[in-house]
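Single-structure report; data block below.
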Amino acid sequence: MVTAGAQGREVLWTRDSLQSKDMPEIEINETERQARYNPAEIEPKWQARWDADPKLYAAEGHDSGKPKFYCLEMLPYPSGQLHMGHVRNYSIGDALARFMWMRGHNVLHPMGWDAFGLPAENAALKNNTPPREWTLQNIAAMKKQMRRMGLSYDWSTEVTTCLPDYYRWNQWFFLQMYEKDLAYRKKSKVNWCPDCQTVLANEQVVNGRCWRHEDTIVEQRDLTQWFLRITKYADELLDGLEKLDGWPEKVRTMQRNWIGRSEGALVNFAVAGETGTENKEREDCSKITVFTTRVDTIYGATSVQLAPEHAVAKAFASEDAELAAKIEALLEEQKKARESDDFGAIEKHGVNTGRFAINPFNGERVPIWVGNYILADYGTGAIMSVPAHDERDFEFAQKYGLPVRRVIAAEQGDQPELPFTAEENAVLINSREWDGLRCIEAQQKMAAFAKQNGFGEPTVTYRLKDWGVSRQRYWGTPIPMVYCENGHDSPEPGKPRVEPGGVVALPESALPVLLPDSIAITQEGGSPLGKVPEFLHTTCPVCGGPARRETDTMDTFVDSSWYFYRYTDAKDEAAPFASDKANYWFPIDQYIGGVEHAILHLIYSRFWTKVMRDLGMITNDEPAERLFTQGMVIKDGAKMSKSKGNVVSPDDMIARYGADATRMYALFAAPPDRDLEWQEEGVAGISRFLGRVYRLVTKYAETTRKAGIPRLASRTITDQALLRTLHQTIAKITLDFSGRWHFNTSIAAIMSLVNEIVAAETAIDAEQASPVAVAEIIRNLILLLAPFAPFFAAEMWEQIGEEGVVFRTPWPVADEELARENEIEIPVQVNGKLVNVIRVPAESDEAAIKRAALADEKVKARVEGKNVVKVIVVPGKLVNLVVK
RNA sequence: GCCCGGAUGGUGAAAUCGGCAGACACAGCGGACUUAAAAUCCGCAGACCUUAACCGGUCGUGGGGGUUCAAGUCCCCCUCCGGGCACCA
């Protein structure tokens, strides 16, 4: 078999028949030989043809009989300009999608727009253009750029998240979640970005700063907000990572850290002198609940440490002005530290409250301190301090002269110096009836004991917090809730009355809640929607009385949490998507994007998938089977940015060298997972390479056209050599596509093949090659280039007289027989040093190779007069003679 | 501090399973073609030593040690760069 496409029309030619008169001769077209590769002409020509065929890249039906392949690149924010990072991302995805098509898969390769978000509002302020208009213009511009790049998207499934036919389903999901108690409202401390004028999710705060404003310190505000209960899925999100072996380890580790599961125990310390019942006005201070992962060390606790914001600390402070001032100072230190880049480095400070807590295990009275290193938002905001077995506690105890008591000892051998934290091979001491137990065992037994006796319990805490989705911005999905001014009970049975107005979920029939179009965007605080009376004022769907709409909009990460499901059924007006369609395409076979979304989009969308599964909409547990995170595009050693002035515009590159050369360079310059240094000379080099191929193909186009693709029965030496390289190249590239994706080496292999053909031109022109072999080589060369340079391949395909669509032509299959070498080169080493390279028949066995190596003159000279101690022969690889 | 990457010629990189280090390009140099240039084609090209030249030799994948007939690749220690997490109890 020559190519899969040749099946069924095999003709056997012989050398004799080739020489007969009616057989094609090698033809060289002198005018075409002069032809120059001109992407500026070729690319728009094919773009126009492809644009005219909306079905060209459309996926086939579920009954196509082909295996499905869902190839997805992360959808962009429509800034109005593609940057090189996009070009790289899409070049990778497009090569893969085209390859999978050629391999006979039913491919879904969609694109869309993450179109809500703050930049549209900022642009509106600056240019006085409504966000909607600005966004839609940008989408049009970027779509044009994508078409110019020749990307194989099925635009019939395009998703634009800022349009009501999409965002209405955000609202629908919100109502579903509200009903299932996965969406709820609560007052809490939230992150506020003064620049964005909105609340941010924890995931959007980086080192205490806004993810969009690196210099802006995020403030903490007490606000009532909507949350999605992602923590309900914390364990599943964590455990699921184990099975995601098609995801980069780096991303899995980041998510593991982010979820931050920690097993431990809660233990109540009674506060001496507090009963907790006598004063209703005062916070209940009768006990302090600490969280610890090392309850086995509790006999070594020599103080209890509270966060400066702990309720008990506040209560104590309210009765003691001096203490209050000190605690306030600790809080300030902590806040400052959290805003700085190295939070871990600040010096520990504390203040003794003068009060005591009682250790429920041994009844010991220990002092209650407030420490600047205790965080209110982790665990319970209170810890037991065990200086002997915790480095931080040790440092603190040394500083303030608190006692250090060893309660853990090594099972055998020397006792390690304090503090030591090991739990392996360590046992309890100084812990009464628990003495001698191993740490791990003691942790379980002591937590169970605390539970039995009502002063504690085993527990699990997470770093992951519920996802705050309310945003005090205009350009987002309106949250489909109203506040009834009659303040009646919520219509849901069992749901408590919420004050001041009843919180009422809109019925599905009221969707979509449309975002008003004309609105004055200002920089003032507060939700812009609150200033639009016709939006704000509505009626309660339960009692018909006056009601106010929720004026916050949803975080844009809601939009991107499920967009890829919508692609499978983008026009559905009755549901977000039809289950059977999603179930056919999901999970995504390959998801490709930047690593910057590792704990934002990629954790939210995993959560959303699990919610949809529990709603019975889909059957998959995870959205994407495999994830690939490409490296950054850099220039002069730094990430491209306007401020550094090192931005290379894709439009420029395409104008100068064409889309094919630009795309191919993005794949050639580095393996896709590594950072890529953009060098324009490299793009020029690829352009020259395509020119070389162009001349080659046009020169032999006539030959190729006439010769067709029959099977050769006998071959010249030139035929054999060229076909061997061709089939080795096919095998190599097919392998690269199967997982490693080192397209840089795929393209290098094509270049080598082309170099070899060019070097053989003299022989070919002297008719030392058969037209049939030339035709096979030219034809397959074009097919190999099709995933990387689609415009170019289409043009070349047409020039050799093919009428079909090149990237729907079956991918060539490597013929092992043709690829096999007759003779191979074997390096011969003496004591590990290369001495010579010998040629032996490919099928030579160990003995034959050994004989050939020992017979070699250079080797003989080197071995002369010495003792050959050992001969190592690795067939097909090398020979090493050990001599003394 | 912890976790994940990475370090190979002037540059981007290759070596997929422990087997010829530097494929393929970029930049450079030399030549052919040309009145000339561009384009194209051919060739050279890790460093050092030796030689008139060929030939030949030594060193060489961030540093040090180890395993092996054989190490860019495996093991131990260290340095630097990038990224993530971080008083998380």
Original post:
Any chance the side chains of A:N372 and A:Q334 put a donor and an acceptor closer than 3.5 Å?
Top reply: no

Subject >> Span that lies between the P atom of B:rC20 and that of B:rC26, in whole angstrom >> reply: 26 Å

Subject >> Rounded distance (Å) that lies between atom P of B:rA23 and atom CD1 of A:I750 >> reply: 19 Å

Original post:
When you check the glycosidic angle of B:rG31, does it come out syn, meaning within 90° of 0, or anti?
Top reply: anti

Subject >> Phosphate OP1/OP2 of B:rC88 contacted by A:R392 side-chain N/O (<4.0 Å) >> reply: yes

Original post:
With sugar-phosphate meaning primed atoms plus P, OP1 and OP2, does A:N755 contact a base, only sugar-phosphate, or nothing at under 4.0 Å between heavy atoms?
Top reply: sugar-phosphate

Subject >> Residue-phosphate contact under 4.0 Å: A:R695 side-chain N/O, B:rC41 OP1/OP2 >> reply: yes

Original post:
Which is true for A:E677 with a 4.0 Å heavy-atom rule: it touches a base, it touches only sugar-phosphate, or it touches nothing?
Top reply: nothing

Subject >> Nucleotide of B:rC87, B:rA27, B:rA15 approaching A:E681 most closely (side-chain heavy atoms) >> reply: B:rA27

Subject >> Whole-Å distance separating the CG atom of A:N831 from the C1' atom of B:rA71 >> reply: 16 Å

**OP:** Ignoring backbone atoms, test whether A:K833 places a side-chain nitrogen or oxygen under 4.0 Å from the OP1 or OP2 oxygen of B:rA21.
**Re:** no

Subject >> Separation between the P atoms of B:rC17 and B:rG5, rounded to whole Å >> reply: 16 Å

**OP:** Could you state the atom-to-atom distance from CE of A:M632 to C1' of B:rG82 in whole Å?
**Re:** 8 Å

Original post:
Counting side-chain heavy atoms from C-beta on, which of B:rC41, B:rC26, B:rG19 comes nearest to A:V758?
Top reply: B:rC41

Subject >> Span that lies between the C1' atom of B:rC69 and that of B:rA52, in whole angstrom >> reply: 40 Å

**OP:** Using a 4.0 Å heavy-atom cut-off across all strands, classify A:P248 as base, sugar-phosphate, or nothing.
**Re:** nothing

Original post:
Within the pair A:N744 and B:rA14, is there a side-chain N or O less than 4.0 Å away from OP1 or OP2?
Top reply: yes

Original post:
Hey, is the side chain of A:K348 pairing donor to acceptor with the base of B:rC87 inside 3.5 Å?
Top reply: yes

Original post:
Looking at side-chain heavy atoms only, is the closest gap between A:R406 and A:F420 below 4.5 Å?
Top reply: yes

**OP:** For A:W247, check ring-ring contact (aromatic ring centres under 6.0 Å, His included) against everything at least two apart and list the hits.
**Re:** none

Subject >> First encountered from the 5' end of RNA chain B, between A:E249 and A:H742 >> reply: A:E249

Original post:
Between atom CG in A:D673 and atom P in B:rA13, what is the gap in whole Å?
Top reply: 11 Å

Subject >> Of A:D736 and A:F668, the one whose closest RNA chain B nucleotide lies more 5' >> reply: A:D736

Subject >> A:R294 side chain reached by A:H389 side chain, heavy atoms, under 4.5 Å >> reply: no

**OP:** Measure from CG on A:L834 to C1' on B:rG19 and round the result to the nearest Å.
**Re:** 11 Å

**OP:** Scan A:I374 against the nucleic acid and name what it touches under 4.0 Å (heavy atoms): base, sugar-phosphate only, or nothing.
**Re:** base

Subject >> Separation between the C1' atoms of B:rG43 and B:rG63, rounded to whole Å >> reply: 38 Å

Subject >> NZ or CZ of A:K348 within 45° of A:Y373 ring axis and under 6.0 Å >> reply: yes

Original post:
Does the side chain of A:R674 come under 3.5 Å of the side chain of A:Q630 through a donor N or O and an acceptor N or O?
Top reply: no

**OP:** Determine the Euclidean distance between corresponding P atoms of B:rG30 and B:rG22; express it in Å to zero decimal places.
**Re:** 26 Å

Original post:
Base, sugar-phosphate, or nothing: which does A:D675 touch, judged by heavy atoms less than 4.0 Å apart?
Top reply: sugar-phosphate

**OP:** Measure from NE2 on A:H310 to P on B:rA89 and round the result to the nearest Å.
**Re:** 17 Å

Subject >> ring-ring contact (aromatic ring centres under 6.0 Å, His included) between A:F455 and A:F269, intermediate numbers included >> reply: CA-CA 8 Å; A:F455 57 75; A:F269 282 61; 9.1 Å; no

Original post:
Starting at NZ of A:K877 and ending at P of B:rA15, how long is that distance when rounded to a whole Å?
Top reply: 13 Å

Original post:
What interatomic distance, in whole Å, is found between P of B:rU40 and the corresponding atom of B:rA14?
Top reply: 26 Å

Original post:
Would you say B:rA27 has OP1 or OP2 under 4.0 Å from some side-chain N or O of A:R688?
Top reply: yes

**OP:** Consider the side chain of A:N880, meaning its heavy atoms from C-beta on, and name the nucleotide among B:rG19, B:rA89, B:rG12 that approaches it most closely.
**Re:** B:rG19

Original post:
Do the non-hydrogen side-chain atoms of A:M653 and A:E680 ever get within less than 4.5 Å of each other?
Top reply: yes

Original post:
Given the C1' atoms of B:rG31 and B:rG82, what is the spacing between them in whole Å?
Top reply: 44 Å

Original post:
For A:R862, which contact category applies under a 4.0 Å heavy-atom criterion: base, sugar-phosphate, or nothing?
Top reply: sugar-phosphate

Original post:
Can you tell which of B:rA7, B:rU16, B:rA39 lies closest to the side chain of A:K732?
Top reply: B:rU16

**OP:** Measure from the side chain of A:V874, starting at C-beta and using heavy atoms only, and say which of B:rC87, B:rC24, B:rG19 lies closest.
**Re:** B:rG19

Subject >> Dot-bracket encoding per residue of RNA chain B, Watson-Crick/G-U cut-off under 3.5 Å, | denoting interstrand >> reply: (((((((..(((......[....))).(((((.......))))).((((......))))..(((((..]....))))))))))))....

Original post:
If we ignore angles and hydrogens, is there a donor and acceptor under 3.5 Å between the side chains of A:N191 and A:Q220?
Top reply: yes

Original post:
Considering only B:rA14, B:rC42, B:rG12, which nucleotide approaches the side chain of A:P671 most closely?
Top reply: B:rA14

Original post:
Is a side-chain donor-acceptor pair under 3.5 Å present for A:Y665 with A:D660?
Top reply: no

**OP:** Establish, from distance only, whether the side-chain atoms of A:Y299 and A:N359 form a donor-acceptor pair under 3.5 Å.
**Re:** no

Original post:
Nearest to the side chain of A:K250, which nucleotide is it out of B:rC42, B:rC20, B:rG83?
Top reply: B:rG83

Subject >> Interface with RNA chain B, restricted to residues 251-269 of chain A and to heavy atoms under 4.0 Å >> reply: A:T253, A:M254, A:S262

**OP:** Classify the glycosidic conformation of B:rC17 as syn or anti, calling it syn when the angle lies within 90° of 0.
**Re:** syn

Original post:
Which nucleotide sits closest to the side chain of A:Y373: B:rC87, B:rA13, B:rA89?
Top reply: B:rC87

Original post:
Roughly how far apart, to the nearest Å, are B:rA27 and B:rC44 at atom C1'?
Top reply: 15 Å

**OP:** For the pair A:R252 and A:E242, find out whether any cationic side-chain nitrogen is under 4.0 Å from an anionic carboxylate oxygen.
**Re:** no

**OP:** Mind checking A:G379 for me? I need base, sugar-phosphate or nothing, with any heavy atom below 4.0 Å counting as a touch.
**Re:** nothing

Subject >> Pairing of A:R261 and A:E263 as salt bridge, 4.0 angstrom limit >> reply: yes

Original post:
Contact class for A:I599 vs. all strands (heavy atom < 4.0 Å): base, sugar-phosphate, or nothing?
Top reply: sugar-phosphate

**OP:** Please determine if A:E857 and A:K860 form a salt bridge, counting it only when a charged side-chain N lies under 4.0 Å from a carboxylate O.
**Re:** yes

Subject >> A:L676 CG - B:rG5 P separation (whole Å) >> reply: 21 Å

Original post:
Side chain of A:N372: nearest nucleotide among B:rC88, B:rC87, B:rG19?
Top reply: B:rC87

Original post:
A:I872 side chain: which of B:rC88, B:rU16, B:rC69 is closest?
Top reply: B:rC69

